[in-house]
Number of protein chains: 2
Amino acid sequence: MEEFHTNIGENIKRIRKERNLSLDKTAEITGVSKTMLGQIERGKSAPTITTLWKIASGLRLSFSSLVSQYKPSVTIVKKKEVNPIVENNGQYRVYPLVPYNPEQQFEIFSVTLEPGCEHIADPHSTGVEEFILVNEGTLEVVVNEQVYVVEPEDTLIFKADRPHIYRNIGDRMVKCSIVIHYSSQ
Amino acid sequence: MEEFHTNIGENIKRIRKERNLSLDKTAEITGVSKTMLGQIERGKSAPTITTLWKIASGLRLSFSSLVSQYKPSVTIVKKKEVNPIVENNGQYRVYPLVPYNPEQQFEIFSVTLEPGCEHIADPHSTGVEEFILVNEGTLEVVVNEQVYVVEPEDTLIFKADRPHIYRNIGDRMVKCSIVIHYSSQ
DNA sequence: ATAATTCAGACGTTATATTGCACGTGTGTG
DNA sequence: CACACACGTGCAATATAACGTCTGAATTAT
């Protein structure tokens, strides 16, 4: 999300137009200069949070109405085109399919474990929950010194704020999808 | 809300400490320099929304958890100390008691009309609702060419996206409280 | 039609957000 | 004790956000 501020600009411009406000009027109301407003609207400049606060306050807007992303109705992510994060000498590969963003409180990966691979994952912060959907192979997960065996088509859900271990003890590859949810707190 | 960015700094520092992260680690995770993080935490610098985005993404946080205001448990606002906005040659006075802020979608005024005063208010944008609580005197409000008489202790609620008129036709002062709610849309 | 007004964008200047480097302060470890 | 290491902060350099002024185009008024 490099061009994130362009969204804010479009939102501001749309709202300003809806209300039939000129840049001058908006500048007067918000206390932000006309030039700056124009640059923000055109994505030429990323405002500081103080000026964003001024704009939101002057226009009587919430933050969410300003930062709300334009969601394309359809997006396709090709796994082939995603660079995996490799660990355990390439035996453990993570493909970020849906990266985290502050609006959406979760992220989605596709994970591959070669036979015999054991991966020890660091605990996440409190309130984080993992949803593991196994597609191929049999995955062993260790949480709280307890071993869980997850067969294909099965799903494991657990609070990931403690260390956990993924193991592929079978002789075929394990492919699974992992959804990680971060609580707002 | 002049020192608005200090709140964000405190929030970031609190969360970082909760997770036992150093500035170096946080810089590595978020892609924002250690120095900048330190300055933001101490309120010495107001970040742009792009760096705030980086921080929120790297730390897996929502915007709301970063911008959430610290609310003092008790606040008292003395009307004597509030500068009113005067119109109609001082016959119409507006005291802003609770100013708008982007988190809280409303604002509260205390309004005074001298006897005989008529004030024509411009329409607000769509979705705006007004709640008028009359404390003293009798207030006449005209909305949609319809006249409403509001006695003391009574409350008038109406969509304020059209022109409306306040009138004091009695011989005593009218004092009322007005809550204006701005829809998030 | 001409003048006046309003609008959006360009230019130059100032203020400040952002970075990399370096310094001082602890905190353990040999 | 000395050494290394991690942590937070200060400083100079740079990038860029923010502002005021001006210009050209479009709209409205006279």
Side-chain angles (χ1 to χ4, degrees), chain A residues 1-61 63 65-67 101-102 122-123 125, chain B residues 1-59 61 63 65-67 69 101-102 122-123 125:
Chain A
M1 303 301 139
E2 318 76 36
E3 320 91 355
F4 159 67
H5 55 286
T6 58
N7 271 304
I8 295 186
E10 292 166 8
N11 285 330
I12 294 175
K13 185 162 193 171
R14 177 176 49 77
I15 294 167
R16 182 172 67 82
K17 289 297 181 186
E18 281 173 9
R19 302 190 185 174
N20 291 325
L21 290 171
S22 68
L23 285 180
D24 277 302
K25 276 265 169 54
T26 314
E28 183 189 343
I29 294 172
T30 61
V32 178
S33 78
K34 172 180 60 172
T35 311
M36 180 84 304
L37 287 170
Q39 288 183 9
I40 294 170
E41 284 187 354
R42 280 173 289 142
K44 295 294 179 187
S45 174
T48 62
I49 53 169
T50 52
T51 66
L52 192 67
W53 177 273
K54 289 183 193 172
I55 295 172
S57 296
L59 258 39
R60 258 91 247 233
L61 294 170
F63 277 106
S65 63
L66 285 182
V67 299
N101 89 59
D122 289 326
S125 44
Chain B
M1 299 302 138
E2 192 48 47
E3 325 85 359
F4 160 65
H5 56 287
T6 58
N7 270 303
I8 295 186
E10 291 165 9
N11 285 330
I12 294 175
K13 185 163 192 171
R14 176 178 47 78
I15 294 168
R16 183 172 67 81
K17 288 296 181 185
E18 281 173 9
R19 301 191 184 173
N20 292 324
L21 290 171
S22 68
L23 285 180
D24 277 299
K25 276 265 168 56
T26 313
E28 184 189 342
I29 294 172
T30 60
V32 178
S33 79
K34 175 178 55 171
T35 311
M36 179 84 305
L37 288 170
Q39 288 184 8
I40 294 171
E41 284 188 355
R42 281 174 288 143
K44 294 294 179 187
S45 172
T48 63
I49 54 169
T50 51
T51 65
L52 193 66
W53 176 274
K54 289 182 192 173
I55 295 172
S57 296
L59 258 38
L61 294 170
F63 277 105
S65 64
L66 285 181
V67 300
Q69 283 272 35
N101 89 59
D122 289 326
S125 44

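- Applying the salt bridge (Lys or Arg N to Asp or Glu O under 4.0 Å) rule to pairs touching residues 30-42 of chain B yields B/R16-B/E41, B/D24-B/K34, sequence neighbours excluded.
- Using a 4.0 Å heavy-atom distance criterion, A/S33 is classed as a base contact.
- Residue B/K54 contributes atom NZ, which lies 9 Å from atom C1' of C/dT18 at whole-angstrom precision.
- In this structure, the side chains of A/W53 and B/V67 stay at 4.5 Å or more apart for every pair of heavy atoms.
- First and last contacts of DNA chain D with chain B, using any nucleotide atom under 4.0 Å from a protein heavy atom and ordered 5' to 3', fall at D/dC7 to D/dA17.
- Judged by closest nucleotide on DNA chain C, B/S45 is the one of B/T35 and B/S45 placed further toward the 5' end.
- Rounding to the nearest 0.5 Å places OG of A/S22 at 10.0 Å from CG of A/L37.
- For the helix from C/dA1-D/dT30 to C/dG30-D/dC1, the end axes, each set by the C1' atoms of five terminal pairs, are bent relative to each other by 20° (nearest 10°).
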Scan nucleotides 5-8 of chain C against the protein and return all N/O pairs shorter than 3.5 Å with their distances rounded to 0.1 Å.
{"from": "C/dC7", "atom 1": "OP2", "to": "A/S22", "atom 2": "OG", "distance (Å)": "3.4"}
{"from": "C/dA8", "atom 1": "OP1", "to": "A/R16", "atom 2": "NH1", "distance (Å)": "3.1"}
{"from": "C/dA8", "atom 1": "OP1", "to": "A/K17", "atom 2": "NZ", "distance (Å)": "3.0"}
{"from": "C/dA8", "atom 1": "OP2", "to": "A/L23", "atom 2": "N", "distance (Å)": "2.8"}

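- Rounded to the nearest 0.5 Å, atoms CD1 (A/I12) and CG (A/L21) are 12.0 Å apart.
- Looking at residues two or more places apart in sequence or on another chain, you find a side chain to side chain donor-acceptor pair (under 3.5 Å) between A/T48 and A/T50.
- Salt bridge annotation for A/R14-A/E10: absent, with no cationic side-chain nitrogen under 4.0 angstrom from a carboxylate oxygen.
- Checking A/V32, A/I15, A/T26 one by one against A/I55, the side-chain contact (heavy atoms from CB on, under 4.5 Å) holds for a single residue, A/V32.
- Note that CG of B/L52 and CG of A/L52 are 9.5 Å apart. Values are rounded to the nearest 0.5 Å.
- In this view, B/S45 and B/M36, B/Q39 satisfy the side-chain contact (heavy atoms from CB on, under 4.5 Å) rule, not counting sequence neighbours.
- In this structure, the separation between CG on B/L23 and OG on B/S33 is 9.5 Å, given to the nearest 0.5 Å.
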